[in-house]
Amino acid sequence: MSHAAVSPVLVIHGGAGVIKREMTPAREQAVRAAMSQALHDGYAQLKAGKSALDAVAVAIAVLEDDANFNAGRGAVFTHDGTNELDAAIMDGYTLRAGSVAGVRRIRNPILLARAVMEQSPHVMLSGDGAEAFAQSIGMPLVDPSYFRTDERWQQLQKALKEDAAKKPHADVETARHFGTVGAVALDAQGHLAAGTSTGGMTDKRWGRIGDSPIIGAGTYANSGCAVSGTGWGEFYMRTVAAHAICMKVTEMRVPLKRAAAEVINQDIPSMGGNGGAIALDAGGHISIPFNTDGMYRGWMGADGVAHVALYGDEDDGTAELPVPAPAESSAQP
Ligand code: ASP
């Protein structure tokens with residue numbers, strides 16, 4: 001269903017985890033600049049009357065191209081020293097979705113996920129098959145070395161040493177996957193969309209796939225709610241986190257903020273997992289819960305200002321936004 005005169009909103013994330021203030025000023029500035037760029041480019045789509053899907057794809061592609069994030073270039077390394085990328089996108093209006101898992105030669109996995117949705121009869125393609133599909137629609141492949149950064153390589157070497165010392169620890173796990181990117185958007189038609197893109201976890205093995213490309217786990221959108229998660233993926237899969245939040249909102253009429261907090265701040269940590277999410281409802285209400293030290297996050301609304309925050313104690317501007325009244329929390333699915 002369409003809504004008259006909806007004010008568009010775009011919300012993005014660049015991962016949740018241990019975010020310390022000892023990050024170099026240059027790094028911090030680069031991360032903020034990239035987040036801000038993604039918001040401006042994505043929001044320009046919405047302002048031009050384009051769809052929430054367009055905004056999500058554009059914003060995520062900006063972050064995939066930036067080596068500061070664990071998505072596209074700058075993705076983490078697998079145990080075997082390769083980069084294997086996962087991404088998904090979902091259109092809340094039509095409930096169409098597309099995703100790719102374990103691709104090694106796709107510069108912007110989010111764009112291939114969208115192509116799977118729009119140009120194939122399937123929802124999820126993986127590995128070599130996904131790349132063959134990309135070639136079949138004229139999407140160029142890049143050499144796997146395109147994704148490599150020295151920093152990520154050093155992180156793998158550290159992880160391999162930790163493996164040898166057998167030191168599994170929540171902070172260690174978290175450090176291994178930080179930097180996933182995602183976006184949720186509400187367009188002028190009142191339609192929602194969600195997308196997520198990641199390199200997964202450093203040192204992942206055996207073709208491990210995370211929650212990001214799994215519709216309902218790391219990524220989900222319907223007519224009343226859109227969510228992109230980031231965190232220890234196994235727990236997002238087991239709680240079907242993004243879908244769980246949206247079902248609370250659209251089926252149980254739980255206000256967005258409470259719905260997102262129940263999953264991110266209660267269900268996931270109670271099982272031993274961690275992470276965060278960005279969530280948006282059809283009324284334009286935003287929720288950005290996380291149970292980690294910090295989360296790279298940002299949003300843009302009618303004022304066209306890029307609100308970006310990285311640290312846990314940093315004001316991201318969402319606290320002042322009006323809290324949705326339960327009765328008008330979402331549109332009918
Ligand atoms: N959820 C992603 C995964 O497990 C990683 C992350 O969001 O940081 O693959």
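All residue numbers refer to positions in the sequence shown, counting from 1. Both counts, for ligands and for their atoms, begin at 1 and track the order of listing.
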[X] N/O under 3.5 Å from ligand 1 N/O:
X      : value
Trp232 : no
Arg208 : yes
Thr230 : yes
Gly229 : no
Thr180 : yes

**OP:** Please work out which of the three classes, parallel, tilted or perpendicular, describes the rings of Phe77 and Trp153, given edges at 30° and 60°.
**Re:** perpendicular
Original post:
Should the ring pair Phe178 and Tyr296 be called parallel, tilted or perpendicular, given that the plane angle runs from 0 to 90° and is split at 30 and 60?
Top reply: perpendicular
**OP:** For Asp211, counting its heavy atoms only, list the atoms of ligand 1 lying under 4.0 Å from any of them.
**Re:** 1 (N), 2 (C), 3 (C), 4 (O)
**OP:** Find all atoms of ligand 1 within a distance of less than 4.0 Å from any non-hydrogen atom belonging to Gly210, and give their numbers and elements.
**Re:** 9 (O)
Original post:
For the side chain of Asp211 and the backbone of Phe235, is there at least one donor-acceptor N/O pair under 3.5 Å apart?
Top reply: no
Original post:
Can you tell me if Asp41 uses its side chain to pair, donor with acceptor, with the backbone of Val58 under 3.5 Å?
Top reply: no
Original post:
Does some side-chain heavy atom of Val181 sit less than 4.5 Å from a side-chain heavy atom of Ile12?
Top reply: no
Original post:
Is there side-chain contact between Arg152 and Gln155, with at least one heavy-atom pair below 4.5 Å?
Top reply: yes
**OP:** Look up atom CG in Leu53 and atom CE in Met117, then write down how far apart they are to the nearest 0.5 Å.
**Re:** 4.5 Å
Original post:
Heavy atom under 4.0 Å from ligand 1: found in Ser212's side chain, backbone, both, or neither?
Top reply: side chain
Subject >> Contact with ligand 1 for Gly231, non-hydrogen, under 4.0 angstrom >> reply: yes
